[in-house]
Amino acid sequence: MEKTLTKNESEQNWEEFFKLDLNEKMDFYEREGKIYDCLFAQQLSKKLLDVLFDIADKLRKITKEKEGADYIASLLSHKRAMLYFVQPSTRTFLSFLNACHIMGMKTSEIRDSSTSSEVKGESHDDTVRTFSSYVDIIIMRHPKPGSAERTAWLLNKTNRPVPVINAGSGKDQHPTQALLDIYTLHRQFNGNIDGKRIVMVGDLKRGRTVRSLSYLMKNYKDISIDFVSPKEFKMERDILDFLKNHNIPYTETEDFASVMPQADAVYMTRIQDEHDNISGESKKVDYSPFYFKEEHLKIIKPSCILLHPLPRRFEIDAQADKDERAVYWRQERNGMWIRAALMAYIFGIEKKIK
Ligand code: CP
């Protein structure tokens, strides 16, 4: 008969621990009731989001002047961050790097595992343990789902744990993207996200940003979601079950135009072959019905905003950029402020940001 492991025993065994329900292991990634490792969007409660929005708003105001920027840059000048990005990134990498600099942190980086000793056969575990010998926080993007959690799990059992932030792991989660997306919705809707109808469009099956953002909807009242995708790239069952369990109504459709007029926000995504284009099956999908074209600007409400995690390919007509409802360039800049806020919170210096 198979033995049921106790929680303590599970903590020693990665495979067993990884399988646990998130609610059972959430406290393993917290310290004194606060988030320590930021790995999943489900960790981000309404209370925490409001705290982070407030810190980010203050940071952007205070750092406008040199005196304020110098003060903020003194707060974490004793901390060092490792940016371990072994999957391509432009804005997540740059926004974290600049967020570290805003907070005064020194940074190290590896952007390709072929330039680390992994190429000599060093294991992932030994690699990240080495980082923790030198730095105070690890921010990591990795192609393998669960890799950020594995790193946090491993380091939390060593005598030199450091916080781990998931900056995108495989196709499962991108919690800090969801954080900047929700911060953008919060700013654009003057703090009132409740009651909004969000349309998410594109490759929902392999889009980690839409997965993480969907989790955050648990924090708001009377939200509804329309998922628009080709049938090959529909939102995965686990997210639909999560929404059902949290009484968040959703629809699924291939008819983009049918949901545009009611939308308060349209969240576009690109096709994401990098995750598993083994047979090139996505090349056979006609993605053009899922593009936002210039003429659609006449269909959406005057108050509807248009978001995209970026990078984009063809799915938003560049002609839409000049419309004030297209907020994706503001969205990516919001990422720098909210990521700085997250690090301020993790290091417990938020009360010094006044
Ligand atoms: N949105 C996002 O994760 O962009 P990058 O891949 O450029 O970091």
Side-chain angles (χ1 to χ4, degrees), residues 38-41 44 52 56 81-102 107 109-113 137-148 164-188 198 200-216 233 265-277 282 290 292 305-316 318 320-321 326-343:
C38 180
L39 306 169
F40 323 99
L44 302 168
L52 296 177
M82 176 72 209
L83 282 87
Y84 177 56
F85 274 63
V86 289
Q87 193 189 34
S89 168
T90 299
R91 70 221 79 241
T92 310
F93 175 78
L94 284 176
S95 62
F96 264 118
L97 184 72
N98 285 288
C100 288
H101 294 165
I102 288 167
T107 51
E109 62 188 62
I110 288 180
R111 298 213 60 186
D112 184 339
S113 46
I137 188 167
I138 297 172
I139 303 157
M140 63 178 282
R141 168 170 291 195
H142 201 281
K144 198 169 166 207
S147 52
V164 175
I165 298 181
N166 179 0
S169 54
K171 56 186 173 182
D172 63 346
Q173 283 252 8
H174 196 347
T176 65
Q177 176 69 45
L179 193 52
L180 74 93
D181 294 338
I182 206 79
Y183 181 46
T184 303
L185 293 170
H186 167 82
R187 284 176 68 81
Q188 293 300 132
I198 317 284
M200 299 190 192
V201 189
D203 183 351
L204 306 178
K205 186 181 169 70
R206 302 175 301 179
R208 58 193 175 193
T209 69
V210 280
R211 290 177 58 78
S212 292
L213 184 57
S214 297
Y215 284 126
L216 289 194
F233 297 124
V266 174
Y267 189 101
M268 300 295 297
T269 66
R270 87 192 146 83
I271 203 151
Q272 288 169 67
D273 281 343
E274 67 269 31
H275 294 305
D276 54 8
N277 191 29
S282 64
F290 308 94
F292 189 94
I305 55 170
L306 188 56
L307 298 101
H308 195 306
L310 302 176
R312 71 173 154 190
R313 293 188 67 200
F314 318 106
E315 58 284 343
I316 297 186
D321 291 10
V327 299
Y328 27 90
W329 301 112
R330 272 175 262 172
Q331 186 185 350
E332 69 172 12
R333 187 166 164 80
N334 287 339
M336 178 176 73
W337 297 113
I338 202 75
R339 285 169 170 141
L342 177 64
M343 288 188 285

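Indexing begins at 1, ligand by ligand and atom by atom, following the structure's order. Source: prediction; values computed, not measured. FYI, the numbering just counts along the sequence from 1. The figures here come from the full heavy-atom set of this structure, side chains too, leaving out hydrogens, waters and symmetry mates.
- With sequence neighbours excluded, no residue satisfies salt bridge (Lys or Arg N to Asp or Glu O under 4.0 Å) with Arg141.
- The shortest side-chain heavy-atom distance between Phe290 and Thr269 does not fall under the 4.5 Å cut-off.
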Can you pull every nitrogen or oxygen pair between ligand 1 and the protein closer than 3.5 angstrom?
residue  : atom  : partner : partner atom : Å
ligand 1 : 1 (N) : Gln177  : OE1          : 3.0
ligand 1 : 1 (N) : Pro309  : O            : 2.9
ligand 1 : 1 (N) : Leu310  : O            : 2.9
ligand 1 : 3 (O) : Thr92   : OG1          : 2.9
ligand 1 : 3 (O) : Arg141  : NH2          : 2.9
ligand 1 : 3 (O) : His174  : NE2          : 3.0
ligand 1 : 4 (O) : Arg91   : NE           : 3.2
ligand 1 : 4 (O) : Leu310  : O            : 3.3
ligand 1 : 6 (O) : Arg141  : NH1          : 2.9
ligand 1 : 7 (O) : Thr90   : N            : 2.9
ligand 1 : 7 (O) : Arg91   : N            : 3.0
ligand 1 : 7 (O) : Arg91   : NE           : 3.0
ligand 1 : 8 (O) : Ser89   : OG           : 2.6
ligand 1 : 8 (O) : Thr92   : N            : 2.9
ligand 1 : 8 (O) : Thr92   : OG1          : 2.6
ligand 1 : 8 (O) : Arg141  : NH1          : 3.4
ligand 1 : 8 (O) : Arg141  : NH2          : 3.4

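- The line from CD of Gln173 to CZ of Arg208 is 10.5 Å long, rounded to the nearest 0.5 Å.
- Relative ring orientation between Phe93 and Phe85 is described as perpendicular, the plane-to-plane angle rising above 60° on a 0-90° scale split at 30° and 60°.
- Shown here are the salt bridge (Lys or Arg N to Asp or Glu O under 4.0 Å) partners of Glu332, two or more places apart in sequence or in another chain: Arg91.
- A search for salt bridge (Lys or Arg N to Asp or Glu O under 4.0 Å) contacts involving Asp181 returns nothing, not counting sequence neighbours.
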